[in-house]
Chemist: 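I am attaching a structure below and will ask some questions about it afterwards.
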Amino acid sequence: MCRKRKMDISLRNHGVVVYMLALMLIMLVANGEEQRTREIGVGVILDIDSHVGKSIWVSILMAIEDFYGDTNNSTTVIVPHFRDSKYDNVEAVTAAIDLLKNTQVMAILGPQKSSQAAFVLDIAQRSKVPMISPATNPDLSPIRNPYFIRIAQASSTQAQPIAALVKSFGWREVVFVYEDTDFGRGPIPFLFDAMVNIGTQVKFRTLLSPSSSDYEILQLLYKLKSMQTRVFVVHVLPALASRFFKKADEAGMMAKGYAWIITDVLTGLLHQLDPQDIYSMQGVVGVKPYIPSSNQLKKFERRWRRRFRKEYPDIDRVELDMFGILSYDSIVGLAMALTRVGSELSSTIFKRPKKASTDLAAIGTSDMGSKLLPMIQNISLEGMRNRDLEIVNGQLQMSTYQIVNVIGKGEKHIGFWSSRNGISNQLISQNQSSDYTTNKDDLGTIIWPGDTPRFPKGWEIPTGGDNILRVGVPAKGGFVEFIEASIDPKTKVVNASGYVIDVFKAVIDAMPYDVRYKFLPYENPDGQRIGDYNDLVYQIVLDKFDMVVGDVTILWNRSNYVEFTLPYSESGVSMLVPSKVDDSKNVWIFMRPLEMELWITIGGFFIYIGFVVWVLEHRVNKEFRGPPHQQVGMIFWFSFSTLVFAHKEKMISNLSRFVVIVWIFVVLVLTSSYTASLASMLTVQKLQPTLTNMSELKARGDFVGYQDGSFVVNMLKDMGFHGDKLKKYINFKEYANALSNGSTKNGVSAIVDEVPYLKMLQAKNCNKYVMVGPTYKTAGFGFAFPKGSPLVAEFSRAILKVIEEQMRNISDKWISDEADCPGKNEDVEPFDKLTLESFKGLFFVAGLSSTCALVIFLFMFLYENKEILVSHDSMHHKLTAIIQNFDKKKDLMPSETETVNDSNDYIEENIIGDPPMSPAISVYHQGEGVFSPASPV
């Protein structure tokens, strides 16, 4: 068989040479010229038996015919030397060495496979011979390898259109399936980065060897089917694709709910597959470089088919692909470049070393390669694609991709993607203005696997066999009312119960589809809990659980590596303290409305105000004179009598009147506030907390309890609580005992925890405890999933439905005991005493006004006694004289007497009324200058 194949190739090569010589002879005769045409050898390395190899073979022959048949003034002619690489890298290298050493070709076209091209390129670089290849592996870079000319799109460029396609449908997860070859591995890093940029997670990447058996392919597909992701990007060659999609159909993965995206090479070579293979790919979406149709291309395609059937009469299915078109254009470009350098061609193409130990060393280097290279590195000509063939810096330039849908026996066009405009259903020229879009509505109708126009949501809950949702739960033996999970030692069945489990089951029932799950306790072999809740949640990252269900609080640090649903519980952290027995019958309850500091301040001000009024009235008011003990009594009597507005003494000094008016206002505010607080204590409050806020708890230095393993301990430390004042507990019973004992008996004065725990503790102990202080905001309990999981949105919607319809019943089931508590309906409000802080403003006004009045009086008094101050007597004599003058009664001026009389007349006429005069009314005695009680009529 191999000998026959070699004979066929040899005969075909011989026929080509004869054909070209005849063509050259015709051209010379037709031109009537005797000049000699220079033959330029070009090596062609192909997998001759492959569809792509045959297509390129025919296109090269037609390009040489067309170019030299239409051009009669060329001094050069390309003579192709074909070599078969036989799908093998070593054969490709051997062919390259033979072409360079023995045939001395000026350029090499091929190889077509990336793995072969990588080996041949090293030889071409060393020999300075341009290599023109359709290899798509982006690792083969024309920038790093200047003698490499790529006449196909690098496979990395398709990452953007595929990412735009994924984004347009809102898919959050994809799986990559790619061939375990240089061709297959090349674009994967670029595809991965493109998915990251659009926020889509690559859940799994799997390599598939071209030599994999059908059984191995089927096992891989079953593994993929067990995952929840239903969007697959497949990057393989047609030979492997035909078997892969057959097995995918057999595994039930070409059904409704799946999405398959194939890459450019496979999309462009779909015609190579048998019809049965195409039928197994129904609904697949693919991308490929866009080659616009034209009359020139249609005519060429008809000619190409005729020529192909002539060269390969045994092949029924004939289809011109993009590699054939691009090879045709590249040969035309190479021929034009050779024509331009024809005059510079030397008789010796290669410089060879005198001595060479190997065939590779004997090749030497090309003299013409460096001259030819600039002309083919940058080519711009009108090609078969109805637009310019443009090669820039050795790389083919194409900016538009076509998106197709595999339907029936072939493909259907559904849209375009361009780097300028994104996804669109029609081609937009560069002159037209358009924004970049990734909207699925800009595509035509797509028929997805399962023969449905409804696009897949991209994921499903794994079903069938053991493919069920792995639900991690805390192995918790303490707060069992919330969640308790244990493994039956006989049946090995996990039993889970509690408030959280009831919520979870209600959410599962509210899902729009069936969800199969199993509980997996996070515990050691002895059934004990491992680590804290941070460790539990992190097991999702380690792929031990698909989700975590428990009384897990949504925290920012946890959200860095998992994703939470909407909260399903009440949120917040608060403080629970013991409540005091109703003390409304306590004989000292009247002292409770005001704190001690306020009582002391009020008492001090009463004495101070009384003293100031006495100083101001002592010299002019008879009632503030008399024996010392009487004057001291007057100070206390007057000031405290203002508390109930029972003072009867008349003020003569304007300064004292001002002080008394301000003080009476202060007393009015104080008495009103006191009355309201005392009334609240006696009529509303039945239970009182032993503490009212966190600050008081911290100031007292009492012990504080928290739940073992909870984030609350860090929160308390951040608030300033010392670690030695914090105690951890594992269940409600320990909570209750600690609160009952108090800090003095090895217990705690308060429990700080999340609101749901505190409410359940209250329900279990009726009204023994009171929740006080501010509630510090938290996000509440939520279910945890892997980052980017589409289940988050589905579960969140189901949680909203449960909250609206069932949450009250679930809460009543676990907190129903509170309804049986005696006195539940009584108001239980923490009572805050009136503090000094609340009245600082009032005391400031009262102190300032009285002090100012006292200072003014002292200045006036000292001014009246300035003769004493300026005398030359001793200081003791001066001080004694001033005190004696202060103690003397001051005689009022006539104007002051009239003012007092007018005041008395006003009192008699407007307040007392007609005689008989009340004995409480005082009259002014002209001679004494003071008020005194009048005699009864």
Chemist: Please tell me whether Phe300 and Tyr328 form a close aromatic pair, meaning their ring centres lie under 6.0 Å apart.
Modeler: yes
Chemist: Determine whether more than 12 heavy atoms belonging to other residues, nucleotides or ligands lie under 6.0 Å from atom NZ of Lys128.
Modeler: no
Chemist: Does a side chain donor of either Ser209 or Asp180 reach within less than 3.5 Å of an acceptor in the other side chain?
Modeler: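 No.
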Chemist: Please answer whether the main-chain N or O of Thr94 pairs with a side-chain N or O of Asp98 as donor and acceptor at a distance below 3.5 Å.
Modeler: no
Chemist: For Asp193, does the CG atom sit with more than 12 other heavy atoms under 6.0 Å from it, leaving out its own atoms?
Modeler: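 More than 12 within 6.0 Å, yes.
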Chemist: Does the structure place the NZ or CZ of Arg205 under 6.0 Å from the centre of the six-membered ring of Phe192, at an angle of no more than 45° from the ring's axis?
Modeler: yes
Chemist: Between the main-chain N or O of Ile278 and the side-chain N or O of Gln282, is there a donor-acceptor pair closer than 3.5 Å?
Modeler: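 At least one qualifying donor-acceptor pair exists.
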Chemist: Could you check whether the rings of Trp260 and Phe244 sit parallel, tilted or perpendicular, using 30° and 60° as the cut-offs?
Modeler: perpendicular
Chemist: For atom NZ of Lys412, is the number of surrounding heavy atoms from other residues, nucleotides or ligands below 6.0 Å larger than 12?
Modeler: yes
Chemist: If you apply the rule side-chain contact (heavy atoms from CB on, under 4.5 Å), what do you find for Tyr290 with Tyr401, and how did you get there?
Modeler: CA-CA 5 Å; Tyr290 174 58; Tyr401 275 80; 5.9 Å; no
Chemist: Report yes or no: does Arg150 contribute a side-chain atom to a donor-acceptor pair with the main-chain N or O of Ala135 at less than 3.5 Å?
Modeler: yes
Chemist: Only counting residues at least two apart or in another chain, list the ones meeting side chain to side chain contact (heavy atoms under 4.5 Å, CB included) with Asp182.
Modeler: Ser114, Ser115, Asn137, Arg185
Chemist: Suppose we screen for salt bridge (charged side-chain N to carboxylate O under 4.0 Å, His left out). Which residues come up paired with Glu301, at least two apart in sequence or across chains?
Modeler: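 So Glu301 forms a salt bridge (charged side-chain N to carboxylate O under 4.0 Å, His left out) with Arg305.
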Chemist: Gln272 side chain to Leu269 main-chain N or O, any donor-acceptor pair under 3.5 Å?
Modeler: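 Not confirmed, Gln272 side chain does not pair with Leu269 backbone.
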Chemist: Strictly distance-based, threshold 3.5 Å: is any side-chain N or O of Thr267 a donor or acceptor partner for the main-chain N or O of Val287?
Modeler: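 Yes, the answer is positive, given that a donor and an acceptor are paired below the 3.5 Å cut-off.
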